[in-house]
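Below: one structure, written as structure tokens.
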Amino acid sequence: MADHRDGDEPPMELKPGEPMIKIEGLHKKFGDFDALKGIDLEVLPRQVVVVVGPSGSGKSTMLRCINGLEHATRGHIYIEGVDVTHRATDINKVREKVGMVFQSFNLFPHLTAIRNVTLAPLKVRGISQEEANVKAVELLGKVGLGDKADAFPAHLSGGQQQRVAIARALAMEPDVMLFDEVTSALDPELVKEVLDTMQDLAREGMTMIVVTHEMGFAREVGDRLIFMDEGLVVEDGDPTEIFNNPKHPRTQDFFSKILSHL
Amino acid sequence: MEEAPAGRFAEPLSEFENPDISGWAKASVVCGILGLLSVPGVVAIFLSVFSTELEAGNVLGSVGLSGLPVIASILAIVFARVAKRQILHSDLGGVGLATAGQTLGIIGLALVAAGLFVLFMQDRLRAFTEDFFDWETIKEWWPEVARGFLTTLKLAVVSEVFILIFGLLIAMLRISRLRTFRVFAAIYIDVIRGLPLILQIFIIYFGLSYLGLNFSRFTAGVVALTVCYSAYEAEIYRAGIESIHKGQMEAARSLGMTYLQSMRYVVLPQAVRRVIPPLSNEFIMLTKDTALVAFIGMGEAFMMGKEGMGQAANVTPLVGVALFFLLVTIPAMRGVHYLENRLAKGD
Ligand SMILES: Nc1ncnc2c1ncn2[C@@H]1O[C@H](COP(=O)(O)OP(=O)(O)O)[C@@H](O)[C@H]1O
Ligand SMILES: [Mg+2]
């Protein structure tokens, strides 16, 4: 359905009170397989949305559609009013505003921590080396790695690598941050340092979509929780309320499985 | 253990200092040195194989091989045995001296044996060296061969520079998202890799001249080698690029970098590191394959060696070419091996 590709101009900028991210009828097919079957979601500025759901329910696919790593099959995604799915939209400009942190860190192994952080600002925003360095040192300090600036990723623990990855995304001064199971690959004792960093970020007012299985984080930091299943959002509301009183049978089933291990 | 009676240890200690016993070891060393008297003679015999001017070597050689050094060497070994049987093992100096004498004795005997062998086989060896290491031919042809080899190196290095660039370009087309580019690159790579290099060299050189494009032989050689080797190196680059986890490209793109920026600053630096060893191997192959452009009349090493062989009527110039190649290729191969190990550890 090419209807969203009509028109010559991408829609205009965000107006006051409008959502930071607006997803309308998002469908994604991989071949014949429907990974997303019509997602509708609005994320307000400064909101922290936690996304929960069983493996394969389409959580990663949704995040990847938001910053254009996957192309939506149908539907629209607006970020600050700009339609990501529009043909005329410069996806690189959108990505400057949308930071993403991955489960597998994906740090650049041939670069030191500080050069991981400065690379994109230097090449994309064209700022000076000094400016980039100052900014990177500040960000590494903020994620508690001020002393690791010259370390290569291979010499950092998983938790440290993930925090560098967060600093790297922040260096582009994004308006939105997407986190895709960023603690799932970490040893248990390293999870907290990363979650703490994310909590600090939330306190500063960053708009965040966080896919996670950390229910403590969802309850304490999340403003809102959405539960996804088979490519659809089946529940959406206050985290504590959903934990205590899940409405959808799928949600009940999921939480009973998770919570039985606690 | 306290207060061991001094007398008990006094006896072996005095034996240890007995000059007669370490005297055997000293005698062994002296005899060993005498045994080396055969050296000038043996060297002369060796040289006489390479040049008839050194016929006198036979006379000298006989003197060298005469009884004295042989007897001296044998004595050196015998004395060393006697010394070792008597010297205390704690007497490291004495043992060392005896071992030295023994070694000299063995070397002395080996030299005489080698000298006798060469003297005996002199005619055959001479025929062999006249074909493969003829001194006159070496003197006459080495500058030509060396100059040819310089051309070989120049051809290889200039071609490699183009190949590294052109090969990367083909690799980028091969993995492009645009089907047309991918198909074009795939066809190019398959066609080129499916043809003998010598055929490509001929087609390019003669084909171009029929088209009225008259390249110099050097240029034609560079073009042919570049066209051919780029296909192989493109595949190596591609394998290197594809070996980098796709999360690297995605992380770079998610930061707002363009596809080309992500390639340039994130994927390629990692990929190139991985393909340095296989690319270096290709470069070594290329260096050897430059010999094929001799067939379009390029005066490189092989061509010069062949010409030398024709004129001097022996194989010496080609052996010279071979030695020049090995001088470059063997260290290069060792170097690649070292790099491979270093990179394997680094990853
Ligand atoms: N590139 C792809 N090609 C084919 N199928 C895919 C691809 N990416 C994801 N999928 C499928 O889409 C579904 C949703 O995947 P994903 O979004 O990764 O789920 P989640 O992150 O919730 O575990 C899964 O069934 C997965 O196998
Ligand atoms: Mg996922």
Side-chain angles (χ1 to χ4, degrees), chain A residues 60 63-71 84 90-111 115-126 152-155 161-162 164-180 182 185, chain B residues 164 167-168 171-172 175-182 233 236-280 336 338-347:
Chain A
S60 299
L63 290 196
R64 293 164 59 82
C65 284
I66 292 174
N67 76 351
L69 286 179
E70 302 286 358
H71 291 289
V84 176
D90 179 357
I91 193 66
N92 295 320
K93 278 274 169 283
V94 174
R95 286 175 178 147
E96 287 181 44
K97 291 291 144 209
V98 183
M100 180 151 182
V101 186
F102 302 84
Q103 178 174 348
S104 49
F105 326 143
N106 297 345
L107 285 189
F108 308 136
H110 60 302
L111 300 178
R115 294 202 50 216
N116 262 276
V117 178
T118 57
L119 181 65
L122 284 173
K123 303 304 172 193
V124 178
R125 294 169 56 206
F152 282 93
H155 297 136
Q161 289 191 50
Q162 196 58 293
V164 173
I166 293 172
R168 177 177 71 177
L170 292 176
M172 289 301 290
E173 302 182 347
D175 297 335
V176 183
M177 286 284 284
L178 310 176
F179 294 87
D180 190 2
V182 295
Chain B
L164 284 174
L168 180 58
M172 297 300 288
I175 61 172
S176 164
R177 280 159 303 175
L178 295 177
R179 207 181 131 76
T180 324
F181 286 171
R182 278 204 311 273
E233 297 202 0
I236 293 174
Y237 275 123
R238 181 171 71 100
I241 291 168
E242 285 177 351
S243 79
I244 304 302
H245 194 274
K246 77 180 193 357
Q248 290 290 309
M249 175 60 91
E250 289 183 348
R253 295 306 307 274
S254 79
L255 290 165
M257 290 200 265
T258 63
Y259 175 81
L260 286 179
Q261 283 174 327
S262 307
M263 262 297 162
R264 162 80 181 76
Y265 298 109
V266 174
V267 177
L268 282 181
Q270 298 178 57
V272 163
R273 217 177 101 91
R274 286 193 194 174
V275 297
I276 284 174
L279 283 185
S280 309
V336 172
Y338 172 78
L339 266 179
E340 274 169 348
N341 282 342
R342 282 268 320 258
L343 287 178
K345 267 181 222 149
D347 269 338

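The figures that follow rest on heavy atoms only: side chains count, while hydrogens, waters and symmetry mates do not. These numbers come from a predicted model, not from an experiment. Throughout, protein chains are lettered first and strands after them, A, B, ... in sequence-line order, and every chain is numbered starting at 1.
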Side-chain donor-acceptor pair present, Arg253(B), Asn67(A), cut-off under 3.5 Å: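 No pair is found: no donor N or O on one side chain lies under 3.5 Å from an acceptor on the other.
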
Would you say Lys123(A) and Arg264(B) make side-chain contact, with heavy atoms under 4.5 Å?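 No, every pair of side-chain atoms sits at 4.5 Å or beyond.
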
Closest-packed option against chain B by number of heavy-atom pairs under 4.5 Å, given Met172(A), His110(A), Arg125(A), Met100(A):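 Option with the greatest count: His110(A).
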
What option among Leu107(A), Val101(A), Leu111(A) has the most heavy-atom pairs under 4.5 Å with chain B?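 Counting heavy-atom pairs under 4.5 Å, the top option is Leu107(A).
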
Counting N and O atoms only, with roles assigned by atom type, does the side chain of Asn106(A) sit under 3.5 Å from a partner on the main chain of Gly247(B), one being a donor and the other an acceptor?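 At least one qualifying donor-acceptor pair exists.
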
Say whether, by atom type as modelled, one donor and one acceptor occur between the side chain of Gln270(B) and the main chain of Pro109(A) under 3.5 angstrom.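 Answer holds: no.
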
What are the two closest heavy atoms between Phe108(A) and Ala251(B), and how far apart are they?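 Shortest heavy-atom contact: CE2-CB, 4.1 Å.
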
Against chain A, label Gln261(B) side chain, backbone, both or neither, depending on which of its atoms sit under 4.5 Å from a heavy atom there.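 The side chain, not the backbone.
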
Measure distances from Val98(A) to the heavy atoms of chain B and classify the residue's part below 4.5 Å as side chain, backbone, both or neither.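 For Val98(A), the contact with chain B is made by the backbone alone.
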
Would you compute the distance between atom [atom1] of [X] and atom [atom2] of [Y] and round it to the nearest 0.5 angstrom?
{"X": "Glu96(A)", "Y": "Met257(B)", "atom1": "CD", "atom2": "CE", "answer": "11.0 Å"}
{"X": "Leu63(A)", "Y": "Ser254(B)", "atom1": "CG", "atom2": "OG", "answer": "11.5 Å"}
{"X": "Tyr259(B)", "Y": "Asn92(A)", "atom1": "OH", "atom2": "CG", "answer": "13.5 Å"}

Please determine whether side-chain contact (heavy atoms from CB on, under 4.5 Å) holds for the pair Leu255(B) and Arg168(A), giving the CA-CA distance in whole Å, both sets of side-chain angles, and the decisive distance to 0.1 Å. CA-CA 8 Å; Leu255(B) 290 165; Arg168(A) 177 177 71 177; 3.7 Å; yes

Does atom CZ of Arg115(A) have more than 12 heavy-atom neighbours from other groups under 6.0 Å away?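 It does not: Arg115(A) CZ has 12 such atoms or fewer within range.
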
